[in-house]
Amino acid sequence: MDYTPLHRWDVSCAEAERLQRALRERLVLQPPPDFAPRLAAGGDVSTHRDASRAYAGFVVLDIVSRETVDAVAVRAEVTFPYVPGLLSFREIPALAVAWQQLPTRPDFLVIDGHGLAHPRRMGIACHAGLVFNLPTIGCAKSLLVGRYGHLGEERGATAPLVHRGEVVGMAVRTRARVSPVYVSPGHCMDLPTAVELVLRLADYREPETTRRAHRLVNALRRADLAGAPPPPHPE
DNA sequence: GCGACAG
DNA sequence: ATCTTGTCGC
């Protein structure tokens, strides 16, 4: 698929924050008027402990039949370090390499990380939506900002995620008695729609989009590992 | 100044 | 996220 880079990615942390504050103004926090999604995509990145090598991939699935209709995984280089609040600058360049190899344009994308539930309301899900130009949802496994109150133990229970007096996302119980996931709008998305879609996609704790993308990149990672294994015990 | 801190 | 052994439970 095609996309719009929007800006350079090899920037300083201060410049990255400036870009986030500027890009924030371009966000659309409402789904398209004719939004009737059928194809969901999940994207994920797997990085090494030290090396700059990363694996990135996308899986596209039909939300009705649940069939995987597309899957691409690539090797890529990461240069930006992991800095809380600046995850997009580390992962989006790698995701973009995989995105170019994707033959089908999905109706929306679920990203492993936050959207509006971010210090500057510009998490990786928002940023990815702007760059790839499609509706996006952030679905994270842990909190970056915000707090929430009581959350029922049953599947489908929700509790608003509040940060600085604003509702920025929702804690969502996708499985009974299992820790929740944190859902927030990315781009061309609102919170109710994001929560509904994540619940529709989740058979287990995480939505199938994320699970399948995660398995895909890990498979490529292990395949590479078997091809050139650095011997731990040189005897 | 001191903690907290997506992946 | 990654590095890791065993272990609890369906």
Side-chain angles (χ1 to χ4, degrees), chain A residues 9 13 16-17 20 23-24 42-58 73 75-98 109-129 131 136-148 155 161-164 168-172 174-187 189 191 194 198 203-207 209-226 229-233:
Chain A
W9 295 92
C13 290
E17 290 190 16
Q20 289 182 328
L23 291 168
R24 187 172 71 188
D44 192 34
V45 177
S46 167
T47 57
H48 267 69
R49 176 151 79 179
D50 31 56
S52 61
R53 168 153 288 188
Y55 299 87
F58 287 97
R75 302 174 185 75
E77 296 299 308
V78 293
T79 54
F80 205 92
Y82 169 68
V83 178
L86 300 179
L87 182 64
S88 56
F89 289 84
R90 177 172 174 76
E91 298 198 342
I92 288 184
L95 286 172
V97 176
L109 170 65
V110 181
I111 286 288
D112 201 353
H114 295 287
L116 290 185
H118 176 277
R120 290 167 292 281
R121 300 218 261 6
M122 255 308 286
I124 188 171
C126 301
H127 210 145
V131 172
T136 50
I137 294 170
C139 182
K141 298 178 293 300
S142 61
L143 288 177
L144 177 58
V145 298
R147 301 184 48 175
Y148 62 99
R155 170 184 154 85
L161 184 58
V162 178
H163 178 57
R164 297 179 185 172
V168 294
M170 197 81 87
V172 180
T174 49
R175 289 206 83 184
R177 295 171 296 284
V178 169
S179 52
V181 292
Y182 306 99
V183 177
S184 58
H187 179 51
M189 185 60 56
L191 188 52
V198 166
D203 296 328
Y204 299 96
R205 184 195 180 204
E206 300 185 270
T209 41
T210 302
R211 284 188 77 226
R212 294 184 195 182
H214 201 273
R215 286 175 50 236
L216 178 72
V217 297
N218 282 330
L220 179 61
R221 189 183 193 288
R222 293 190 340 246
D224 267 16
L225 207 58
H233 286 298

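Reminder, nothing fancy here: chain letters follow the sequence lines and each chain counts from 1. Being a predicted model, the structure only gives us computed values, none of them experimental.
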Item checked: Single hit among H214(A), R222(A), R221(A) for side chain to side chain donor-acceptor pair (under 3.5 Å) with N218(A) -> H214(A)
Check: Which letters describe nucleotides 2-7 of chain B, given B = protein heavy atom under 4.0 Å from base, S = only from sugar-phosphate, - = neither?
Finding: ---BBB
Margin query: Could you tell me if the side chain of T79(A) sits less than 4.5 Å from the side chain of S52(A), heavy atoms only?
Written below: no
Notebook entry, point to check: Is R221(A) touching bases, backbone alone, or none of the nucleic acid, heavy atoms closer than 4.0 Å?
Noted result: sugar-phosphate
Check: Within a reach of under 6.0 Å around CZ of R155(A), are more than 12 heavy atoms found that belong to other residues, nucleotides or ligands?
Finding: yes
Checklist line | Atom-to-atom span, NE2 of H214(A) to C1' of dT2(C) - whole angstrom | finding: 10 Å
Item checked: Salt bridge flag under 4.0 Å for residues D44(A) and R215(A) -> no
Checklist line | d(CZ, R177(A); C1', dC8(C)) in whole Å | finding: 16 Å
Checklist line | Gap separating the CG atom of L109(A) from the CZ atom of F58(A), nearest 0.5 angstrom | finding: 5.5 Å
